[in-house]
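I have placed the structure first, in the form of structure tokens, so that the comments after it can refer back to it.
Computed over heavy atoms, backbone and side chain alike; hydrogens, waters and symmetry mates excluded. First the proteins, then the strands, lettered A, B, ... as listed; each starts at 1.
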Protein chains: 2
Amino acid sequence: MNPTIKDVAKHAGVSTATVSLVIHDNSRISPETKRKVLKSIKTLHYLPSKSARDLVTQRAGNIGFIITDDHFLRTEPFYTRIFLGAEFEARDGDYYVLLATVESNFNEEDQLPRFIQERNVDGIIIAGKVPQNLIDRILELKIPLAFVDYETTNNCCPNILIDNIQGGILATSHLIGLGHKQIGFVGADIQHPSLLKRFTGYKQALENAKIGFNDKFVETGSLYPDRQNGYDAAKKLIEKNKNLTSIFACNDAMAIGVMHYLKDNGFKIPDDFSIIGFDDVESDLLLDPPLSTIRVPKIELGAESIRIITSYLKTKTIPKKILVPVELIIRQSTSAPGSKRI
Amino acid sequence: MNPTIKDVAKHAGVSTATVSLVIHDNSRISPETKRKVLKSIKTLHYLPSKSARDLVTQRAGNIGFIITDDHFLRTEPFYTRIFLGAEFEARDGDYYVLLATVESNFNEEDQLPRFIQERNVDGIIIAGKVPQNLIDRILELKIPLAFVDYETTNNCCPNILIDNIQGGILATSHLIGLGHKQIGFVGADIQHPSLLKRFTGYKQALENAKIGFNDKFVETGSLYPDRQNGYDAAKKLIEKNKNLTSIFACNDAMAIGVMHYLKDNGFKIPDDFSIIGFDDVESDLLLDPPLSTIRVPKIELGAESIRIITSYLKTKTIPKKILVPVELIIRQSTSAPGSKRI
DNA sequence: TCACATTAGTTAAACGTTTAACTTTGTTTA
DNA sequence: TAAACAAAGTTAAACGTTTAACTAATGTGA
């Protein structure tokens, strides 16, 4: 069996309390005793037991990370990176991150994630949109909660958000700056706060540039912002508006769908048509041409959410909203409106 | 505070031992008492504390998952999915999975992952290649260990492996079946057992088809099997062998590099040149044309590794090697050798 | 010189379970 | 009828820490 604090105490000729105080660097201990104890710790290869510690301190040492399986499968590289950002940051603090997926149609009777049932987390991060009744049940249990990339209306909890409006402005302004005046918007799930704000940014940029907003240029009918729906939206939009020269898609997945539609229909990108996405999913780089987009600092988003929740656990104070800035990434899918087609 | 076992005992009018026995479904308890206790548990919303349990049972309830940061960043979608497979499977068992990355040049004095320091795992899964001295130190601590996608020479521990040889044969035979006779191989890090076996499969398929092996058709100089090195390898290989009609790349990342090189140099895929990869990373689908490849069941690989290690923890028996079968995925990057170039 | 701090440690209870060993009561068996 | 056994619980120790409250020794100011 592993050595315990008692073994160390005996070896160093002190009480277990002293050993504990040394471990926690308490000033009550003289330098000499400290040295002696540290030496014993080293020679015995002593490591404190986490479960014993957790029991007495009444903490779990874990942060739960919840996401719907739907989100996870559909937009995996996006949320995976947020998770990783959380994971990395948690390591520096003193936590582990436990992952759980829930069904997107989670309902009353469904089992809560196991780490909640076992009281195995000190706090929870929810990534992306989840069913309201899940949120309610967690709040009922009074487990500290933070949301990343999902804006809640009741401001019970901190929200770590992408600056979606700014992103929408950046993307649209980029196209405007290149000389585009006919700019389409491809979106989805208009209930989703993030997507809505990107749309708001789009409109705001048009207004700033004194370009009239035209709702014929907007296609937001589908539920999920995925590749197939991007393809279909592009089809509708372009068939309806022959004069369009560019599209801002609400995320990269849809942008990729748009690109495929354009390619399938003989448009050259960016010569005939400029297209910009949002998210900067890594795979953008594989595209031909590489996609201009708005970079979302995913790792940073995850890290920030850990910082928020652990600081809450320490100080019991919550900031309401954190807005993480985004960045315009110009690649080769956008250019000045060039040789017009047909 | 949450209710404890004492509260339940008091509420049900029994001892805490009885409550514990009920929870563990011990036959010593009469049906009537059992019913009574279960009712109290329900009305009080009692949930056993994991840390108390862990302390007394001397288990952590966690499995560690270790990977080098290098692997993780370079081939993220691949190992991420293995991790997820482990995560999902662990949930059904009674474990959480804790992730840790280590530096690929991990050395003696470096800190072991925190979950090892804190004795917070019952077993460890190592994914992909890691430095030998890390392995040695874990073995020293006598923590049960399993390797996924990395073959260890000393057979101390179970190895959950992709059937790389079979994959190499499948890929190469596919090209041969299409009529190719000049088939290049693009690889890397010839020390890496997995890559080596893919190469073995390549040679074996050639032999099976009575096609002579030509080491001019092989390029395995670079250290990492990534996109850039794929690009460079294709360049060398094709400049050297004008008669090549197809390439089997040891993974998709390199295959993508090869495709980029081919595109940059005016080759049409698959008309002028067939290319097949290995791994079936999701992003293959974005490529133009979509890449034929060998699918590795990543989720399954992770799940299997959890099954192996938890079954070891229960029964203390280890299977030596598990070979997970792979599958040929034919997309549009391979076809019969067609209209030759220039 | 004495009351009082300060320093450097110790003692012992507490955290919430599990489980071996024990008790009590009732039922067989020889 | 007594001894043996089975059934259904209980008691109490143990797991390995942390920490409030205590103690003993030394230093300090009036």
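- Atom CD in Glu32(A) sits about 17 Å away from atom P in dT7(C), given to the nearest Å.
- Looking at the side chain of Thr57(A), the nearest of the listed nucleotides dT17(C), dT18(D), dG9(C) is dT18(D).
- Counting only residues at least two apart or in different chains, ring pair (Phe, Tyr, Trp, His ring centres under 6.0 Å) contacts with residues 32-67 of chain A comprise Phe65(A)-Phe83(A).
- At the heavy-atom level, Leu47(B) lies under 4.0 Å from the strands shown only through sugar-phosphate atoms.
- Note on Ser15(B): every side-chain N or O is 4.0 Å or more away from OP1 and OP2 of dT11(D).
- Proximity of Val296(A) to Phe78(A): side-chain heavy atoms (C-beta onward) are separated by under 4.5 Å at one or more points.
- Between Ser30(A) and dG9(C), a side-chain N or O to OP1/OP2 separation shorter than 4.0 Å is present.
- Contact between the side-chain N/O atoms of Ser20(A) and the OP1/OP2 oxygens of dT18(D) is found at a separation under 4.0 Å.
- At a cut-off of 3.5 Å, with distance as the only test, a side-chain donor of Tyr96(B) or Glu118(A) sits close to an acceptor on the other residue.
- Contact annotation: Thr16(A) does not reach the phosphate of dT10(C) (side-chain N/O to OP1 or OP2, under 4.0 Å).
- Within 4.0 Å of Ile29(B), counting heavy atoms only, lie sugar-phosphate atoms of the nucleic acid but no base atom.
- Between the side chains of Arg114(B) and Asn120(B), no donor N or O sits under 3.5 Å from an acceptor N or O.
- Atom NE2 of His24(B) is separated from atom C1' of dA8(D) by 18 Å (rounded to the nearest Å).
- Atoms CG (Asn120(A)) and C1' (dG16(C)) sit 14 Å apart, rounded to a whole Å.
- Look at CG on Asp54(B): it is 10 Å from P on dT18(C), rounded to the nearest Å.
- Rounded to whole Å, atom P of dT19(C) lies 12 Å from atom CZ of Arg59(B).
- An OP1 or OP2 oxygen of dG9(C) is reached within less than 4.0 angstrom by a side-chain nitrogen or oxygen of Thr33(A).
- OP1 and OP2 of dG16(D) both lie 4.0 Å or more from every side-chain N or O belonging to Arg53(A).
- Distances were taken from every side-chain heavy atom of Thr4(B) (C-beta onward) to each of dG9(C), dC15(C), dG16(C); the shortest belongs to dG16(C).
- Between the side chains of Thr18(B) and Ser15(B), a donor-acceptor pair is found at a separation under 3.5 Å.
- Picking from dG16(D), dT10(D), dT18(C) the nucleotide with the shortest atom distance to the side chain of Leu21(B) gives dT10(D).
- Backbone-only engagement by Ser49(B) is indicated by non-hydrogen atom pairs under 4.0 Å involving sugar-phosphate atoms exclusively.
- Considering only side-chain atoms of Ala17(A), the nucleotide from dT19(D), dT18(C), dG9(C) that sits closest is dT19(D).
- In Lys42(B), the NZ atom is not crowded: 12 or fewer heavy atoms of neighbouring residues, nucleotides or ligands sit closer than 6.0 Å.
- Pairing each heavy atom of Ile63(A) with each of Val121(A), the nearest pair is C-CG1, 3.8 Å.
- Between Gln58(A) and dG16(C) there is a side-chain polar atom (N or O) within less than 4.0 angstrom of OP1 or OP2.
- Closest-nucleotide positions on DNA chain D for Ala52(B) and Lys34(B) were compared, and the one nearer the 5' end corresponds to Lys34(B).
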How would nucleotides 21-28 of chain D be written as a contact map, 5' to 3', with B for base contact, S for sugar-phosphate-only contact and - for no contact, using protein heavy atoms under 4.0 Å? B-------
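- Residue Leu55(A) contributes atom CG, which lies 4 Å from atom C1' of dC15(C) at whole-angstrom precision.
- Taking atom CG on Asn26(A) and atom P on dT17(D), their separation rounds to 17 Å, with Å as the unit.
- Rounded to whole angstrom, the span from the NZ atom of Lys6(A) across to the P atom of dT11(C) amounts to 14 Å.
- Not a single side-chain hydrogen bond (donor to acceptor under 3.5 Å, both in side chains) links Asn105(A) to another residue, sequence neighbours left out.
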